[in-house]
Amino acid sequence: MPPATPELISPRSPRVAAARRLAKRNFRGKERLFLAEGPQAVREAAGHRAGDAATLVELFATLEAAERYADIVGEARDAGARVHLASEQVIADISTTVTPQGLVGVCRFLDTPFEEVLAARPRLVALLANVRDPGNAGTVLRCADAAGAEAVVLTDASVDVYNPKAVRASVGSLFHLPVAVGVPAEQAVEGLRAAGVRVLAADGAGDRDLDDELDKGTMGGPTAWVFGNEAWGLPEETRALTDAVVRVPIHGKAESLNLATAAAVCLYASARAQRAAGGCRSVTGN
């Protein structure tokens, strides 16, 4: 039997051109499709469904990647995705990374309406307000997933969560929990509060200390953390909407924490406090 050969060898192919356009936000919005690169993201996409529809609709793979990740390619086919064997040149043309891993998936948008997030009565939510860096957005989403949050909400002033860098930074977590996008900050805060969620702003200049809040036992209820812009934090009008502005204490000489690190500290603090009522002393315990 002759060895397999790529069916797509030219970057000018209409299929390749259509996938390549998804690197741009306006095309993603028009087609409601985005790119997921690498084995972890593609595996998660292949196993994800939104209702009756499979999330992964198309997969481009080099011959080497198709052999190395045969199980993922098989899962993609089982999910109903069209699988294309492609040349390395084609994958490099579609990919937005410097060193592509040989697998690029085309996925349907999977954002959840904000009303559905509220209807689920979430206990832990990350709200990204004016977050502009896609890598930070994806990393906070990953932190929220790891901490057991039930949802992530991005305001209308935040970065596109389907930006390829954000998808990569989430390391598959984009497919694990509900994500609502394009929600005005005021609507997001008011909706969460009406759903019984305490809304806390994370800000280095906050008048409340996270350690003190934990010691006082105020962190055990449903909580949404609001995280602001990487450079200038949260605007005053957004802080004013929240129930309290909380700072992560700096015990050493560091000037501050970056957004993703602060988000991880805050989300895990809430996760531990919420689990303490059930007798769990550690967020990693059962």
Side-chain angles (χ1 to χ4, degrees), residues 7-8 11 13-62 65-66 68-86 90-97 100-114 116-117 128 134-142 144-145 151-154 158-182:
E7 62 180 278
L8 292 176
S13 161
R15 296 268 16 106
V16 176
R20 183 172 60 243
R21 285 196 296 269
L22 297 177
K24 298 181 179 179
R25 183 171 188 168
N26 59 331
F27 283 102
R28 291 195 296 272
K30 180 180 178 181
E31 301 296 332
R32 288 194 61 80
L33 297 170
F34 69 99
L35 297 176
E37 299 185 40
Q40 178 64 20
V42 171
R43 185 191 301 276
E44 299 295 338
H48 186 275
R49 298 185 69 84
D52 295 331
T55 296
L56 183 66
V57 297
E58 199 165 17
L59 176 62
F60 298 85
T62 63
R68 178 180 302 176
Y69 306 112
D71 57 332
I72 298 177
V73 174
E75 290 176 23
R77 286 198 172 101
D78 290 343
R82 299 185 299 274
V83 177
H84 306 290
L85 294 179
V90 163
I91 295 296
D93 193 66
I94 299 172
S95 174
T96 60
T97 62
Q101 294 178 275
L103 295 177
V104 183
V106 176
C107 306
R108 292 187 176 93
F109 275 18
L110 41 73
D111 43 279
T112 299
F114 184 53
E116 290 186 18
V117 170
L128 278 63
N136 279 334
T139 303
V140 173
L141 201 158
R142 182 184 183 186
D145 181 22
V152 172
V153 179
L154 287 90
S158 287
V159 70
D160 179 18
V161 74
Y162 300 115
N163 180 294
K165 187 176 180 181
V167 177
R168 287 197 304 275
S170 81
V171 197
S173 287
L174 176 62
F175 303 97
H176 293 169
L177 73 172
V179 178
V181 302

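Treat the numbers as computed from the prediction; the structure is a model and nothing was measured. Residue numbers run from 1 in the order of the sequence given. Quick note: numbers below take in every heavy atom, side chains included, and nothing from hydrogens, waters or symmetry partners.
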Practice task
Give the ring-plane orientation class for F109 versus F34, where under 30° counts as parallel, over 60° as perpendicular and anything between as tilted.
Solution key: tilted
Problem - 4.5 Å side-chain heavy-atom contact, D111 and R32 - result: yes
Practice task
Could you tell me whether R15 and E58 make a salt bridge, using a distance below 4.0 angstrom between a side-chain N and a carboxylate O?
Solution key: yes
Exercise for the section: Can you measure from CD (Q40) to CG (L103) and round to the nearest 0.5 angstrom? Expected result: 11.5 Å
Problem - Heavy-atom closest contact (V42 atom, A36 atom, distance) - result: CG2-O, 3.5 Å
Problem - Crowding at CZ, R20 (>12 non-hydrogen neighbours, <6.0 Å) - result: yes
Problem - Value rounded to 0.5 Å, distance of CD in E44 from NE2 in H176 - result: 3.0 Å
Handout entry: Shortest non-hydrogen separation from A23 to L35 and the atoms involved
Key = N-CD1, 4.3 Å
Practice task
Would you kindly check if the NZ (Lys) or CZ (Arg) of R28 is within the cone defined by 45 degrees around the ring axis of Y162 and under 6.0 Å from the six-membered ring centre?
Solution key: no
Handout entry: Within 6.0 Å of CZ in R108, more than 12 heavy atoms from elsewhere
Key = yes
Problem - Closest non-hydrogen atom pair, A54 against R49 - result: CB-NH1, 3.6 Å
Handout entry: With P178, the side-chain contact (heavy atoms from CB on, under 4.5 Å) member among T112, V153, V152
Key = T112
Fill in the blank from the handout: Closest non-hydrogen atoms of C107 and L56, given as atom of the first, atom of the second and distance, are SG-CD1, 3.9 Å
Problem - Rounded distance [0.5 Å steps], CD in Q101 versus CZ in R168 - result: 9.5 Å
Exercise for the section: For the pair T96 (side chain) and P164 (backbone), establish whether a donor and an acceptor sit closer than 3.5 Å, ignoring hydrogens and angles. Expected result: no
Practice task
Could you check if a side-chain atom of T62 sits within less than 4.5 angstrom of a side-chain atom of L85, using non-hydrogen atoms only?
Solution key: no
Exercise for the section: Work out which heavy atom in F27 is nearest to a heavy atom in L22; give both atom names and the distance. Expected result: O-CD2, 4.2 Å
Handout entry: 4.5 Å side-chain heavy-atom contact, L177 and L141
Key = yes
Handout entry: L174 side chain near L110 side chain, heavy-atom distance below 4.5 Å
Key = yes
Fill in the blank from the handout: Note: A137 and V159 closest approach over all heavy atoms is CB-CG1, 3.6 Å
